[in-house]
Asker: 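Before anything else, here's the structure in question.
Each residue takes its place number in the sequence, starting with 1. Everything numeric in this text was worked out from a predicted model, so none of it was measured.
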Amino acid sequence: MKKIGLVFAIAVLVMSCKKEGCTDSTATNYNEDAKVDDGTCAYQRDGFIGTYVVSETCTYEDNGSYTVTVIEGPNTNEIVIENLYNVGERVRAVVANNEATFKEGVAGITYEGTAYMLGEELNVDYEVCETDYYPCSDIEACSFIGTK
């Protein structure tokens with residue numbers, strides 16, 4: 001009986017040493033006591049993820065209403081905005097403190113701006129310029145609010 005009790009005590013001790021939780025220190029739910037990652041890590045970018053119906057206003061031309069999708073980026077602090085400016089292009093943005101910033105040239109166009117979440121709404125302000133003429137003297141400035 002003593003051996004069974006000892007084996008049980010050792011098993012409990014070993015199990016308690018393998019506390020599960022989020023072990024990524026960049027996650028919003030990082031658990032410094034966790035020894036084993038349980039796949040529950042959450043990141044600031046997660047609040048941006050989703051599909052949004054946007055109504056956009058631009059300096060020269062309104063793109064009207066269309067859909068933008070935000071997906072996870074290649075790094076835990078990045079998102080990818082799909083269909084920005086309603087042209088089907090993808091722009092990568094870096095997320096920090098509930099704000100995403102981007103400046104990327106795609107297909108001869110440079111997109112530069114910021115995005116932030118206000119409740120469930122995605123707010124984006126950005127500029128569009130032909131890459132060959134960047135920085136532009138005649139910028140197309142756009143803004144939209146997107147709802148899920």
Side-chain angles (χ1 to χ4, degrees), residues 8 10-148:
F8 180 74
I10 291 172
V12 168
L13 183 61
V14 169
M15 295 288 276
S16 67
C17 292
K18 292 186 179 185
K19 184 174 181 179
E20 292 186 357
C22 177
T23 60
D24 184 345
S25 63
T26 65
T28 57
N29 63 333
Y30 169 65
N31 182 347
E32 65 184 30
D33 296 328
K35 304 295 182 217
V36 176
D37 192 273
D38 63 1
T40 62
C41 294
Y43 302 93
Q44 287 183 0
R45 71 171 181 197
D46 296 345
F48 287 86
I49 306 302
T51 299
Y52 301 86
V53 175
V54 305
S55 182
E56 183 171 69
T57 304
C58 295
T59 307
Y60 300 113
E61 186 177 321
D62 290 346
N63 285 328
S65 183
Y66 62 96
T67 302
V68 166
T69 301
V70 179
I71 62 173
E72 293 179 356
N75 299 306
T76 57
N77 68 333
E78 293 178 333
I79 57 174
V80 175
I81 304 170
E82 297 180 327
N83 199 33
L84 183 67
Y85 199 55
N86 200 23
V87 293
E89 301 296 348
R90 299 165 53 119
V91 176
R92 187 171 61 187
V94 176
V95 177
N97 300 321
N98 196 41
E99 181 176 271
T101 57
F102 55 91
K103 179 180 176 183
E104 188 165 6
V106 180
I109 304 293
T110 297
Y111 302 93
E112 181 176 7
T114 60
Y116 63 93
M117 294 300 297
L118 187 58
E120 290 292 310
E121 292 182 337
L122 174 64
N123 295 262
V124 180
D125 297 306
Y126 67 101
E127 298 175 344
V128 180
C129 179
E130 290 183 48
T131 303
D132 291 343
Y133 302 106
Y134 189 84
C136 291
S137 59
D138 192 22
I139 295 171
E140 170 88 296
C142 299
S143 294
F144 71 73
I145 296 175
T147 54
K148 287 185 178 181

Asker: According to side-chain hydrogen bond (donor to acceptor under 3.5 Å, both in side chains), who are the partners of Glu82, at least two apart in sequence or on a separate chain?
Answerer: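 Once residues adjacent in sequence are excluded, the partners of Glu82 under the side-chain hydrogen bond (donor to acceptor under 3.5 Å, both in side chains) criterion are Arg90.
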Asker: Is Phe102 close to Val124 at the side-chain level, that is, under 4.5 Å between some pair of heavy atoms?
Answerer: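 Contact flag for Val124/Phe102 side chains = yes.
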Asker: Taking all non-hydrogen atoms of both residues, which atom of Tyr60 and which atom of Ile139 are closest, and how far apart?
Answerer: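 Where Tyr60 meets Ile139 most closely, the heavy atoms are CE1-O, 3.6 Å.
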Asker: Just jot down the side-chain hydrogen bond (donor to acceptor under 3.5 Å, both in side chains) partners of Ser55, sequence neighbours excluded, or say none.
Answerer: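 Per chain and number, Ser55 pairs via side-chain hydrogen bond (donor to acceptor under 3.5 Å, both in side chains) with no residue.
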Asker: Could you pull out all residues at least two apart from Glu56 that satisfy salt bridge (Lys or Arg N to Asp or Glu O under 4.0 Å)?
Answerer: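 Glu56 satisfies salt bridge (Lys or Arg N to Asp or Glu O under 4.0 Å) with no residue once adjacent residues are dropped.
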Asker: Which pairs pass salt bridge (charged side-chain N to carboxylate O under 4.0 Å, His left out) with one or both residues in residues 98-119, sequence neighbours excluded?
Answerer: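 Those involving residues 98-119 do not exist here.
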Asker: Measuring from Phe144:CZ to Leu84:CG, what's the distance to the nearest 0.5 Å?
Answerer: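 Reported to 0.5 Å precision, the distance equals 6.0 Å.
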Asker: With sequence neighbours left out, what residues match Tyr52 under side-chain contact (heavy atoms from CB on, under 4.5 Å)?
Answerer: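 Partners of Tyr52 under the side-chain contact (heavy atoms from CB on, under 4.5 Å) test: Val54, Val70, Met117, Leu122, Lys148.
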Asker: Does either side chain, that of Thr114 or that of Asp125, offer a donor lying less than 3.5 Å from an acceptor on the other one?
Answerer: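 Short answer, no.
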Asker: Kindly determine whether Arg45 and Glu72 satisfy salt bridge (Lys or Arg N to Asp or Glu O under 4.0 Å), including the steps that lead there.
Answerer: CA-CA 7 Å; Arg45 71 171 181 197; Glu72 293 179 356; 3.3 Å; yes
Asker: So how far is it from Ile49 CD1 to Thr69 OG1, rounded to the nearest 0.5 Å?
Answerer: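 Atom-to-atom, Ile49:CD1 and Thr69:OG1 are 10.5 Å apart.
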Asker: Could you list the residues that satisfy side-chain contact (heavy atoms from CB on, under 4.5 Å) with Thr59, not counting sequence neighbours?
Answerer: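 So Thr59 forms a side-chain contact (heavy atoms from CB on, under 4.5 Å) with Glu140, Ala141.
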Asker: Tell me, please, which residues at least two apart from Asp132 pass side-chain hydrogen bond (donor to acceptor under 3.5 Å, both in side chains).
Answerer: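 Partners of Asp132 under the side-chain hydrogen bond (donor to acceptor under 3.5 Å, both in side chains) test: none.
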Asker: Is the closest side-chain heavy-atom distance between Thr28 and Gln44 below 4.5 Å?
Answerer: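 Yes, close enough: below the 4.5 Å cut-off.
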Asker: Sequence neighbours left out, what passes side-chain contact (heavy atoms from CB on, under 4.5 Å) with Cys129? Give chain and number order.
Answerer: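 Residues passing side-chain contact (heavy atoms from CB on, under 4.5 Å) with Cys129: Tyr134, Cys136.
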Asker: When you measure from the side chain of Thr67 to the backbone N and O of Val53, does any donor-acceptor pair fall under 3.5 Å?
Answerer: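 No.
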Asker: Run the side-chain donor-acceptor check on residues 36-43: report pairs under 3.5 Å with partners two or more places apart or on a different chain.
Answerer:
unit_1 : atom_1 : unit_2 : atom_2 : d
Asp37  : OD1    : Gly39  : N      : 2.8
Asp37  : OD2    : Thr23  : N      : 3.0
Asp37  : OD2    : Thr23  : OG1    : 3.0
Asp38  : OD1    : Thr40  : N      : 3.1
Asp38  : OD1    : Thr40  : OG1    : 2.6
Tyr43  : OH     : Asp24  : OD2    : 2.7

Asker: Of all heavy-atom pairs between Gly73 and Val80, which one has the smallest distance, and what is that distance?
Answerer: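 For Gly73 and Val80, the tightest heavy-atom pair comes out as CA-CG2, 3.9 Å.
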Asker: For Glu89, what residues pass the side-chain contact (heavy atoms from CB on, under 4.5 Å) criterion, not counting sequence neighbours?
Answerer: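 side-chain contact (heavy atoms from CB on, under 4.5 Å) check on Glu89 returns Val87, Val106, Ala107, Tyr111.
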Asker: Taking OH in Tyr30 as the centre, count heavy atoms belonging to other residues, nucleotides or ligands within less than 6.0 Å. Is the count above 12?
Answerer: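 Enclosed.
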Asker: Side chain to side chain contact (heavy atoms under 4.5 Å, CB included) between Thr110 and Tyr133: does it pass, once the steps are laid out?
Answerer: CA-CA 9 Å; Thr110 297; Tyr133 302 106; over 6 Å; no
Asker: Which pairs pass disulfide bond (SG atoms under 2.5 Å apart) with one or both residues in residues 57-125, sequence neighbours excluded?
Answerer: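 Output for this query lists Cys58-Cys142.
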Asker: Would the distance check show the side chain of Tyr66 and the main-chain N or O of Tyr85 forming a donor-acceptor pair, the cut-off being under 3.5 Å?
Answerer: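 It does hold such a pair.
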Asker: For Asn83, check side-chain hydrogen bond (donor to acceptor under 3.5 Å, both in side chains) against everything at least two apart and list the hits.
Answerer: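 Once residues adjacent in sequence are excluded, the partners of Asn83 under the side-chain hydrogen bond (donor to acceptor under 3.5 Å, both in side chains) criterion are Asn86.
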